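Presented below is the structure to which this report refers.
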Amino acid sequence: MMQEQSILQAILEKCSQKNPTVLRNLGCAHFQAKEYPEAAARFSQALAITGFQPSLTYALAVTHFEMRDFRQTAKLLNDIISKALSADPGLAPPFQTATETTRTFKNTPALQDSCLIEAYNLKAAMEFQTMNYEAARAVIGNIPPRHEEEIDMITLHNKAILDAENNPDEGIEILTHIVSQPAYPKETLANLVIMYFREELFDVAADFMAENIELCFTQLPEDIYNLFEAVIIEQTAPEEAYVRFESLIIRYQEQLKKFGNQEKANRRDGSTDKLKLAEAEYDQVLERLLPAVMSQAMMYWERKNYLQVEKQLKRMHEYLSDQQLWRTNMGHALFMLENYVEASKFYETVVRTQTTDLLKLSPVLLANLCVSYVMTSRNDEAEAVLRRVEEAEERQSRTLEPVGVAPAKDSNSSHLCLINLVIGTLYCSKGNFQFGLSRILRSFEPSVAQKLDKTTWLYAKRMLLGLIYKLNHHEVTLSATNLTECIDFLEQCEEAGRTIPLRVQIQGGRGGVTSSFVGAEARLLKKLFLKYAK
């Protein structure tokens, strides 16, 4: 294949370099060979001759995206979008009519030629890459609605990925449907397996990869396939999985040294395009190193060996110290080791990256930071974080909800709720169940229905199970009032949690997707508390 590409490039180089079609084809040839600076130069030369063309501009935007030049990518995409909407203002949101029905559009030749849908999808991918998930969802929401049979696979894929946090079962169903089609985005296969892992469906992931082994070999890069295989093997042979993770980490370290040296050489030579490419390649290897390191560290985390987690992460300091995930997990490891001073330092470096909206950060990180402050007698700083989160949630609520309309569940952040849950659990663990329990139950105000999701339930359930254990072993007593409060709370969780899934399950491996629900667990816990209320 590489030889054929070289022959094609040689032929095109002999053609007229003033012909935009030749330049475009040369750009495509360079792109296929991952020679992105050369591809960008050819596409730019073609555009200089033809003037604005949506498809050619989009090709240039994709090239800059691959080079991680997101500023130029955004500029080109915004140009495509603005011109498409100027030509047909009806394609601009909002899409709801005065009668609350949603306007739908057909894939007309004009819509396809405008590259509007492609531009929105690439812009969403760019926001996703930079972890601006809400912005990515907003961009996908701007895509003109179409009937189900007319929605392209890329839009379907991107929407499934962005919605997977709240609807993992639906995300798995959609991605499974996509990979059954003759043509689909190359990222789909990897994202489907990742979703299986995230929902702890390791057997299903193993079966899927075994049944589609040829597809996995051809569509997944070798190191990604090896990473997936190591995660699956970990379930039955952790020692072998550890060795495989280590092998990947060593390989990535060698690649990072190579690309790091290339960056230094290109910087000395003043080669801007080659420098950008080397930086992009370095960043891509970093993106692959990160999950390998975290997967290996997670093996110790699951065994509660937090000291070894810290050691594993520390040895990657040279490469990952500026990565938010690395800093967060270093904070978590130190937090579990009760080294609250050092844990807070790592958490603070992450918090400082968000000066405007703390809701973009993990609520668990913020909760642990507040607890670290409390445990080191820095209560004022903990209260300051709580105030900032509360103000951010109030701003979000005002932005999302019209005046006079009750807030919808999805418009409410659970950050403040989770922080109070973690602080309440801390007090319970220290033996102050009276105060801890009141803080936990109060964290769901003003409405359990608004605050309850699988994450807030996990923390509440953990505390309630701990309380049941203490009651059963006569290590603590609760007043009749406290017991009634717990039962009332669980009744509200049972009602509100009827449709909140906990874990995705695949029936018979292939027969469909089901979920267990928060409401069912709340009902079981309520029965246990009722025994003590008698």
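Any value given below was found using the heavy atoms of this structure, including those in side chains, with hydrogens, waters and symmetry copies removed. Because the structure is predicted, anything quoted here is derived from the model rather than measured. We're numbering straight along the sequence, starting at 1.
Proximity of Asn121 to Asp152: side-chain heavy atoms (C-beta onward) are separated by under 4.5 Å at one or more points. Proximity of Ile80 to Phe52: side-chain heavy atoms (C-beta onward) are separated by under 4.5 Å at one or more points. Annotation: side chain of Gln312 is not in contact with side chain of Val293 (no heavy-atom distance under 4.5 Å). Taking 4.5 Å as the limit, some side-chain heavy atom of Gln324 sits within range of a side-chain heavy atom of Thr328. Residues Ile232 and Tyr196 have side chains not in contact (no heavy-atom distance under 4.5 Å, counting atoms from C-beta outward). Using a 4.5 Å heavy-atom threshold, the side chains of Tyr133 and Glu127 count as separate. With a 4.5 Å cut-off on side-chain heavy atoms, Lys311 and Tyr300 do not count as touching. In this structure, the side chains of Leu156 and Glu148 stay at 4.5 Å or more apart for every pair of heavy atoms.
Here the closest heavy-atom approach between residue Tyr120 and residue Leu85 is recorded as OH-CD1, 3.9 Å. Considering every non-hydrogen atom in both Ala124 and Ala136, the closest pair reads O-CB, 3.5 Å. Between Leu220 and Ala190, the closest heavy-atom pair is CD2-CB, 3.7 Å. In terms of heavy atoms, Thr21 sits closest to Asn19 at N-OD1, 2.9 Å. The nearest pair of heavy atoms linking Pro37 to Met67 is N-SD, 4.0 Å. Shown here for Leu116 and Pro144, the closest heavy-atom pair between the two residues is CD2-CG, 4.0 Å.
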Enumerate, atom names and distances included, each donor-acceptor pair closer than 3.5 Å involving a side-chain atom of residues 250-264, sequence neighbours excluded.
| from | atom 1 | to | atom 2 | distance (Å) |
| --- | --- | --- | --- | --- |
| Tyr252 | OH | Asp223 | OD2 | 3.0 |
| Asn261 | ND2 | Lys257 | O | 3.2 |

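Between the side chains of Asn78 and Lys123, at least one donor N or O lies within less than 3.5 Å of an accepting N or O. There is no side-chain donor-acceptor pair under 3.5 Å between His30 and Glu38. Side-chain atoms of Arg146 and Asn107 include a donor-acceptor pair closer than 3.5 Å. For the residue pair Thr456/Asp453, the side-chain donor-acceptor check at 3.5 Å is satisfied. In the model, Arg42 has a side-chain atom that pairs as donor or acceptor with a side-chain atom of Gln45 under 3.5 Å.
A donor-acceptor pair under 3.5 Å is absent between the side-chain atoms of Thr188 and the main chain of Tyr184, judged by distance alone. Under a 3.5 Å cut-off, the side chain of Ser114 and the backbone N or O of Ala84 do not form any donor-acceptor pair. With Trp326 contributing its side chain and Leu313 its backbone, the two residues share a donor-acceptor pair below 3.5 Å. At distances below 3.5 Å, not a single donor-acceptor pair connects side-chain atoms of Thr353 with backbone N or O atoms of Thr349. Under a 3.5 Å cut-off, the side chain of Glu66 and the backbone N or O of Val62 do not form any donor-acceptor pair. A donor-acceptor contact shorter than 3.5 Å links the side chain of Glu393 to the backbone of Leu416. Proximity of a side-chain donor or acceptor of Thr218 to a complementary backbone N or O of Glu214 within less than 3.5 Å is detected.
In this structure, Glu229 CD and Met209 CE are separated by 6.0 Å, a value rounded to the nearest 0.5 Å. In this structure, Leu192 CG and Thr176 OG1 are separated by 4.5 Å, a value rounded to the nearest 0.5 Å. Phe43 CZ to Leu26 CG: the interatomic distance, rounded to the nearest 0.5 Å, is 9.5 Å. Here the CD1-CE distance, from Ile249 to Met316, works out to 5.5 Å after rounding to the nearest 0.5 Å. Residue Tyr242 holds its OH atom at 12.5 Å from OG of Ser247, rounded to the nearest 0.5 Å. Here the straight-line distance linking atom OG1 of Thr63 with atom CD of Gln72 works out to 11.0 Å at 0.5 Å rounding.
With sequence neighbours excluded, no residue satisfies side-chain hydrogen bond (donor to acceptor under 3.5 Å, both in side chains) with Ser321.
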Could you go step by step and tell me if Leu248 and Leu289 meet the side-chain contact (heavy atoms from CB on, under 4.5 Å) rule?
-> CA-CA 8 Å; Leu248 285 169; Leu289 172 66; over 6 Å; no
Passes side-chain contact (heavy atoms from CB on, under 4.5 Å), Leu386 versus Cys370? Steps please.
-> CA-CA 8 Å; Leu386 288 169; Cys370 287; 4.3 Å; yes
Residues Glu342, Lys314; criterion salt bridge (charged side-chain N to carboxylate O under 4.0 Å, His left out); working and verdict = CA-CA 13 Å; Glu342 292 302 315; Lys314 265 187 176 178; over 6 Å; no
Passes side-chain contact (heavy atoms from CB on, under 4.5 Å), Tyr347 versus Asn368? Steps please.
-> CA-CA 8 Å; Tyr347 290 144; Asn368 286 357; 3.2 Å; yes
Begin from the C-alpha positions of Arg68 and Glu279 and carry the test salt bridge (charged side-chain N to carboxylate O under 4.0 Å, His left out) through to its verdict.
-> CA-CA 8 Å; Arg68 297 297 193 270; Glu279 288 173 343; over 6 Å; no
Do Tyr225 and Phe217 pass the ring pair (Phe, Tyr, Trp, His ring centres under 6.0 Å) test, and can you show the C-alpha distance, the side-chain angles, and the key distance before you say yes or no?
-> CA-CA 7 Å; Tyr225 181 86; Phe217 269 129; 4.9 Å; yes
For side-chain contact (heavy atoms from CB on, under 4.5 Å), just list the numbers for Thr50 and Leu47, CA-CA rounded to whole Å, side-chain angles, deciding distance to a tenth of an Å, and then say yes or no.
-> CA-CA 5 Å; Thr50 63; Leu47 277 169; 4.3 Å; yes
Run the numbers on Lys345 and Glu348 for salt bridge (charged side-chain N to carboxylate O under 4.0 Å, His left out), then give the verdict.
-> CA-CA 5 Å; Lys345 290 178 182 178; Glu348 285 167 348; over 6 Å; no
Audit row: His64, Tyr36, side chain to side chain donor-acceptor pair (under 3.5 Å) steps and yes/no | CA-CA 8 Å; His64 281 287; Tyr36 301 122; over 6 Å; no
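Using cut-offs of 30° and 60° on the angle between ring planes, the pair Phe228 and Phe197 is perpendicular.
Salt bridge annotation for Asp79-Lys75: absent, with no cationic side-chain nitrogen under 4.0 angstrom from a carboxylate oxygen. Between Glu134 and Arg137 there is a salt bridge, since at least one side-chain N of the basic residue sits less than 4.0 Å from a carboxylate O of the acidic one. In summary, Arg388 and Glu391 do not engage in a salt bridge, as defined by a charged side-chain N under 4.0 Å from a carboxylate O.
The local environment of CD in Glu222 is sparse, with at most 12 non-hydrogen atoms from other residues, nucleotides or ligands closer than 6.0 Å.
Taking the six-membered ring wherever Trp is involved, the centroid distance between the rings of Tyr306 and Phe335 does not fall below 6.0 Å.
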